[in-house]
Amino acid sequence: MEINIERLYKDVEDLGKIGFEENVGVTRLSYSSEYDKGVDLVRNLMESAGLKTYIDPVGNLIGRLEGKSDKAISIGSHLDSVPAGGIFDGTLGVLAGIECVRVLQENGYKNHHPIEVIGFTEEEGNVVGGTFGSKCFTGVPIEESSIPKMEQHGLDMNSVNMARRDPEKYKCYLELHIEQGGVLDNTTTPIGVVNGIVGITRYRATVNGMANHAGSTPMNLRDDALVKTCKMITRLMEIAHLKDEEITCTVGQMTVLPGAVNVIPGKVEFIIELRGKSISANEEIIEQFYEEFRNEGLILKNILSQKETVLDERIIKTIEDCCKEMNIAYRKMYSGAGHDAINMALFTPSAMMFIPSIGGISHSIVEKSLPKDIAIGCQLLLNSIVKLDK
Ligand SMILES: [Zn+2]
């Protein structure tokens, strides 16, 4: 059974026109009229593919093909975009799922398990909160801060509770997604088999020095908090890189105090963000960093520990077997970005596969994945479904 890339790519382009603005990108925020138009298009595609469709009380679109067993194989991703985003992020996983169903139907394939293609709403989180749709679907608690935003769109806790599904009715979840990073493109690898989604650790760092007159204090008599900070951050990056080449370490926010051109910085505050295969691996870096600089005025306070997501080993193995049978190169990797699979993994055995993002760029109008890579990704999805259906 072979997928039809022309047909799939046309669907990606057609959906990509909804909410598209020249030189800007796609803006299809959840609960907007553009979003609804996008859902209509996808719903029609689902129905033409023989799926029975349903929009749940929070706006997730579900298309279902019945089977003999009562445990469904679910496939999906999200249909919303960031403001001025690209046309592949999220949409690919949903449209590829529909293409797989079309191919199964055309070939008269009798699926044992029901197949559900899910277009989650509000994954990007710019309207209500990140991965809101899949949280509701799986019963993962939503953030307190989401509630007033929900109400603006006519949703309440009742809608949230009613969207919750029964995990007993699912066998597994598969998500095909663009990588959104440059690893696959840079190594010309067509497929990433995702081990898990990184754990995120954030610390607020404070470095104390002594504020003083910038003119009358000679260089050897200064305790400049920013000069110390620069040294510390350079070393932090080294520690992180030496510990684990796959960990990402970022300092993206900094405040220099008192913040005057003619005053030696007396205090610097910055946020350290680490993303790695486990939050304990992140903590090891922080411990070593603190050990090296505790005597130089460094104070650290943890502000976020978001646990890593471990994806299902058996499904990962199935996907790897399919790659080998298809004779395509793949790379096992962690996802540095969050996905609906984070919630789905708590609900049913889940796995993800990535295809290359050209130049590693996404959430942008220049986001691009090549038809040949999309074809490999969708074929791998199809072959994995068939293997899991056995
Ligand atoms: Zn996405």
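These values consider heavy atoms only, across backbone and side chains, with no hydrogens, waters or symmetry-generated copies. Ligands are counted one by one from 1 in listed order, and the atoms in each one are counted from 1 as well.
- No chain of hydrophobic side-chain contacts below 4.5 Å, direct or via other Ile, Leu, Val, Met, Phe, Trp or Tyr residues, connects Ile62 to Leu41.
- Residues Gly97 and Leu381 share a closest heavy-atom pair of N-CD2, 4.0 Å.
- Of all N/O/S atoms in His78, NE2 sits nearest the Zn ion (ligand 1).
- Shortest non-hydrogen contact noted between Leu176 and Ala96 is CD2-CB, 3.7 Å.
- The nearest N, O or S atom of His177 is closer to the Zn ion (ligand 1) than 2.8 Å.
- Within Asp89, the N/O/S atom positioned nearest the Zn ion (ligand 1) carries the name OD1.
- Contact detail for Ala205 and Ile272: the closest heavy-atom pair is CB-CD1, 4.2 Å.
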